[in-house]
Each structure stands twice: as C-alpha cells, then as structure tokens.
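The structure under discussion appears below in the form of structure tokens.
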Amino acid sequence: MNKLQLVNAPADFSWSWFVGEDGSADIVFSSLTNFSLDLDAASRRGHGQMAATGGWVQQRCVYMPKITSIAIKARERNVDLAASRLLVQIIGSISLKGPAGALPQCANSTEYSVANYIDIDVTGAAPEDKEHFYQLTNSWLQSRSFINRSWLRINHLGFDLDASLVSWDNLCSLDICCDVGFGTLVDLLRQLANLDSLHVDRLYAAELIPEIRDIEGIIYACDFVEPISTSVKSLEISGFAQGCVSNVLAASIKYLLLVVPLLEKAYVPEEVAFSIDSFIKQLGHTYPHLSNITFN
C-alpha cells in the first residue's frame with residue numbers, strides 16, 4: 001500500500017487502530033507515499049475516547065520513510081493525534097489544519113528530514129494547549145535550510161502570543177487572525193529572518209513602545225533608524241483590536257514602514273490610511289525606500 005486516505009474519519013481517531021491497544025508501540029508505514037486524514041467532528045467510533053476527552057496520552061513516533069505528501073485536517077481536539085510525532089522525509093508537501101490540540105509534531109532526527117512545502121493552519125489553541133502549540137509550530141518551522149516554503153496561519157489563541165517562545169526560523173509567510181500586541185509584532189519581525197509576508201488581522205496598540213515614543217522627532221530629524229527586518233516585502237494590517245488608540249496605531253505603523261526597508265506592499269486600516277499616505281508622500285525623498293511601497 002502506498003496511498004492511505006481516510007475521509008470523514010471518526011473524531012476520536014487513534015493510532016491504536018493500526019497497532020492495537022499497546023499505547024507504547026510506534027507505527028511504521030514502510031511503503032506509504034501519500035497520507036490524508038480528514039476527521040469528522042460529528043462522528044465517533046466509540047473507541048479511543050481518551051484521545052478526545054481525557055488526559056494526555058503517551059507520545060509515540062509514526063515512521064513514514066517514503067512519504068511525499070501529508071494532509072491532516074481536524075475540527076476538534078484529539079489528544080492521541082496531537083501526542084504523536086511524525087518521523088518523515090518529505091519531497092512534496094505537508095498540510096496541517098485544525099486546533100493545536102489535534103495536530104502532530106515533527107520528530108527531530110538526523111536520518112529523517114522535512115523539505116519543500118509546509119502549510120500549517122492552527123484554527124485554535126485552548127489555554128491548556130499553550131505548551132503544545134509552541135512545541136507543534138517550533139518542531140515544523142525551526143531552522144531547516146532545505147525547506148523551500150512554509151506558511152503558518154493562527155486563527156485563535158486562548159493566550160497571548162509570546163515571541164520569546166517562538167523558533168520559527170524557516171517561516172516565510174505568517175497570518176495572525178487574532179489580537180496581537182505591537183510589541184510582540186516587533187519582536188517577531190526581529191526574530192523571523194526568512195519572513196517575507198506578514199498579515200495581522202487585529203493589531204493592539206494602546207501605548208507607544210519605548211523605541212517610538214519620540215517617533216515624530218526621530219522622523220523629522222532624519223535620525224538613523226536601525227532596521228528590524230530585512231526580509232519582509234508584504235505587510236497587511238487589516239484592523240485594530242478593542243482598546244487600540246488610533247494615533248498610537250498610526251505612529252506604530254509609521255515606525256514599521258521605517259524599519260522594514262525592503263517593504264514593497266503595505267495595507268493599513270482605513271482609520272489611519274490618510275495619515276500614513278501623507279507620511280509616505282512627505283518623507284519619500286528623505287527615506288527613499290518609502291517611495292517604493294505600493295500602499296493600500
């Protein structure tokens with residue numbers, strides 16, 4: 001067998017279906033090249049209920065030495081699946097979509113590696129899955145020079161995103177569809193050396209971070225502003241979070257435009273668009289890279 005496709009699989013999916021009830025056994029798919037798993041939230045097999053409703057289960061490795069394509073889609077938490085680690089060598093693509101508590105980690109190994117395209121869509125992460133969220137994303141997105149392209153979408157977090165816990169060295173495209181603080185955003189930009197596209201759905205900026213408390217003075221004195229990212233080319237901020245202050249948001253975005261010198265496209269909320277547009281037109285001669293930005 002080289003292809004395994006499970007469609008509308010019961011939500012209480014368990015790897016024990018393949019190896020029996022021995023929770024410590026690892027699983028080997030020696031000839032599998034394509035694996036697709038689509039979990040149906042409405043159905044349950046009746047076995048492995050612990051995976052969906054109980055405590056964390058023992059971590060196991062799933063070996064797929066010849067796999068070229070993996071697609072896992074879940075709609076609710078599945079602890080058994082999330083506790084597994086995939087040991088794979090990919091020359092095709094990986095697609096993971098679902099809550100953090102249902103997505104498997106990548107196993108670290110010198111014999112196995114991950115390559116080419118990785119697309120991770122975290123539809124949600126409950127507070128109790130905070131540690132697993134970082135383990136999950138870090139395991140797939142840590143530094144691997146042989147990955148060509150990687151995407152990460154975060155749709156909901158039950159906790160504040162903490163840039164100090166992130167090891168997404170190889171991430172190319174980041175889409176944050178939940179509230180994120182401006183200070184956290186700046187920290188992420190500093191860390192993610194390969195990021196070229198960033199979208200934030202709701203930016204939270206209620207007070208200026210220390211670097212930009214005198215943003216107007218810095219701008220008009222033509223002081224040197226050290227870049228925080230030399231990779232990002234596309235920046236989209238769709239809106240702002242509740243409690244955000246519009247003049248603080250505008251100053252924060254102006255700061256981003258100055259410290260991301262390779263930026264080619266920028267989209268900002270309509271509430272601050274006029275202020276940002278005037279800023280770009282007024283200072284384009286002083287900061288030449290501003291003139292190269294396609295705005296809104």
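Numbers here simply count residues along the sequence, with the first being 1.
- Scanning all heavy atoms of the two residues, the minimum distance from D26 to C61 falls at OD1-N, 2.9 Å.
- Here the closest heavy-atom approach between residue L188 and residue A163 is recorded as CD2-CB, 4.0 Å.
- The distance from atom CH2 of W151 to atom OG of S95, rounded to the nearest 0.5 Å, is 10.5 Å.
- Of the inter-residue distances, the one linking L290 atom CG with I280 atom CD1 reads 6.0 Å to the nearest 0.5 angstrom.
- Formation of a donor-acceptor pair under 3.5 Å by the S197 side chain with backbone atoms of S173 is not found in this model.
- Between S229 and L195, every side-chain heavy-atom pair lies at or beyond the 4.5 Å cut-off.
- No donor-acceptor distance shorter than 3.5 angstrom exists from the side chain of Y267 to the backbone of H199, with no hydrogens or angles considered.
- With respect to the salt-bridge test (charged N to carboxylate O, under 4.0 angstrom), the residues D196 and K233 do not qualify.
- Listed by chain and number, the residues in a side chain to side chain contact (heavy atoms under 4.5 Å, CB included) with L262 amount to none (sequence neighbours excluded).
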Working for side-chain contact (heavy atoms from CB on, under 4.5 Å), residues F182 and V200: CA-CA 10 Å; F182 182 73; V200 175; over 6 Å; no
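- Minimum interatomic distance between N194 and D169 (heavy atoms only, all atoms of both residues): ND2-O, 2.8 Å.
- Closest non-hydrogen pair, N155 versus T123, comes out as CB-O, 3.7 Å.
- With contacts defined as side-chain heavy-atom distances shorter than 4.5 Å, the pair V248/F240 does not qualify.
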Distance-only criterion, 3.5 Å: show the donor-acceptor pairs between side-chain atoms of residues 27-42 and protein atoms not counting sequence neighbours.
{"unit_1": "S31", "atom_1": "OG", "unit_2": "M1", "atom_2": "O", "d": "2.7"}
{"unit_1": "T33", "atom_1": "OG1", "unit_2": "N2", "atom_2": "O", "d": "2.7"}
{"unit_1": "D38", "atom_1": "OD1", "unit_2": "R75", "atom_2": "NH1", "d": "2.8"}
{"unit_1": "D38", "atom_1": "OD1", "unit_2": "R75", "atom_2": "NH2", "d": "3.1"}
{"unit_1": "D40", "atom_1": "OD1", "unit_2": "A42", "atom_2": "N", "d": "3.0"}

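- Partners of D160 according to the side chain to side chain donor-acceptor pair (under 3.5 Å) rule, which considers only residues two or more places apart in sequence or in another chain, do not exist here.
- Residues Y255 and I228 form a side-chain contact, since some pair of their non-hydrogen atoms from C-beta on lies under 4.5 Å apart.
- A 4.5 Å side-chain heavy-atom check between D119 and R153 finds at least one atom pair inside the cut-off.
- When every heavy atom of S14 is checked against every heavy atom of S16, the shortest pair comes out as OG-OG, 2.8 Å.
- Taking the side chain as every heavy atom from C-beta outward, L86 and W140 approach each other to under 4.5 Å.
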side-chain contact (heavy atoms from CB on, under 4.5 Å) assessment of E271 paired with L249: CA-CA 10 Å; E271 290 82 356; L249 178 65; 5.9 Å; no
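- Side-chain contact between L189 and L256 is present, with at least one heavy-atom pair separated by less than 4.5 Å.
- A distance of 10.0 Å separates NZ in K130 from CG in L157, rounded to the nearest 0.5 Å.
- With hydrogens and angles disregarded, a donor-acceptor distance shorter than 3.5 Å links the side chain of N78 to the backbone of F13.
- Residues L235 and V260 have side chains not in contact (no heavy-atom distance under 4.5 Å, counting atoms from C-beta outward).
- Side-chain atoms of N292 never come within 3.5 Å of backbone atoms of L263 as a donor-acceptor pair (strictly under, hydrogens ignored).
- In this structure, the side chain of H156 does not engage the main chain of P99 through any donor-acceptor pair within 3.5 Å.
- In summary, D121 and K73 do not engage in a salt bridge, as defined by a charged side-chain N under 4.0 Å from a carboxylate O.
- Looking only at distances, no side-chain donor or acceptor of S275 sits under 3.5 Å from a matching main-chain atom of A250.
- In this structure, the side chain of E76 does not engage the main chain of A11 through any donor-acceptor pair within 3.5 Å.
- Put simply, CD on E128 and CZ on F159 are 10.0 Å apart, with the number rounded to the nearest 0.5 Å.
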Criterion side-chain contact (heavy atoms from CB on, under 4.5 Å) on L198 and L192, from CA distance to verdict: CA-CA 11 Å; L198 173 62; L192 305 181; over 6 Å; no
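- Distance alone, capped at 3.5 Å, places no donor-acceptor pair between the T68 side chain and the G92 backbone.
- Rounding to the nearest 0.5 Å places CG of L185 at 11.0 Å from CZ of R190.
- Of the residues L96, V122, D175, the one that meets the side chain to side chain contact (heavy atoms under 4.5 Å, CB included) test with L152 is V122.
- A distance of 14.5 Å separates CG of L87 from CZ of R60, quoted to the nearest 0.5 Å.
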E264 vs T294, side-chain contact (heavy atoms from CB on, under 4.5 Å): CA-CA, chis, key distance, verdict: CA-CA 6 Å; E264 297 174 357; T294 301; over 6 Å; no
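- Side-chain atoms of D277 do not come within 3.5 Å of backbone N or O of A273 as any donor-acceptor pair.
- A continuous path of Ile, Leu, Val, Met, Phe, Trp and Tyr side chains, each step under 4.5 Å between heavy atoms, connects F18 with I67, placing both in one hydrophobic cluster.
- If you chain together hydrophobic residues whose side chains sit under 4.5 Å apart, I154 and Y204 never meet in one group.
- Minimum interatomic distance between K265 and I293 (heavy atoms only, all atoms of both residues): C-CG2, 4.3 Å.
- A heavy-atom distance below 4.5 Å is found between the side chains of R202 and C178.
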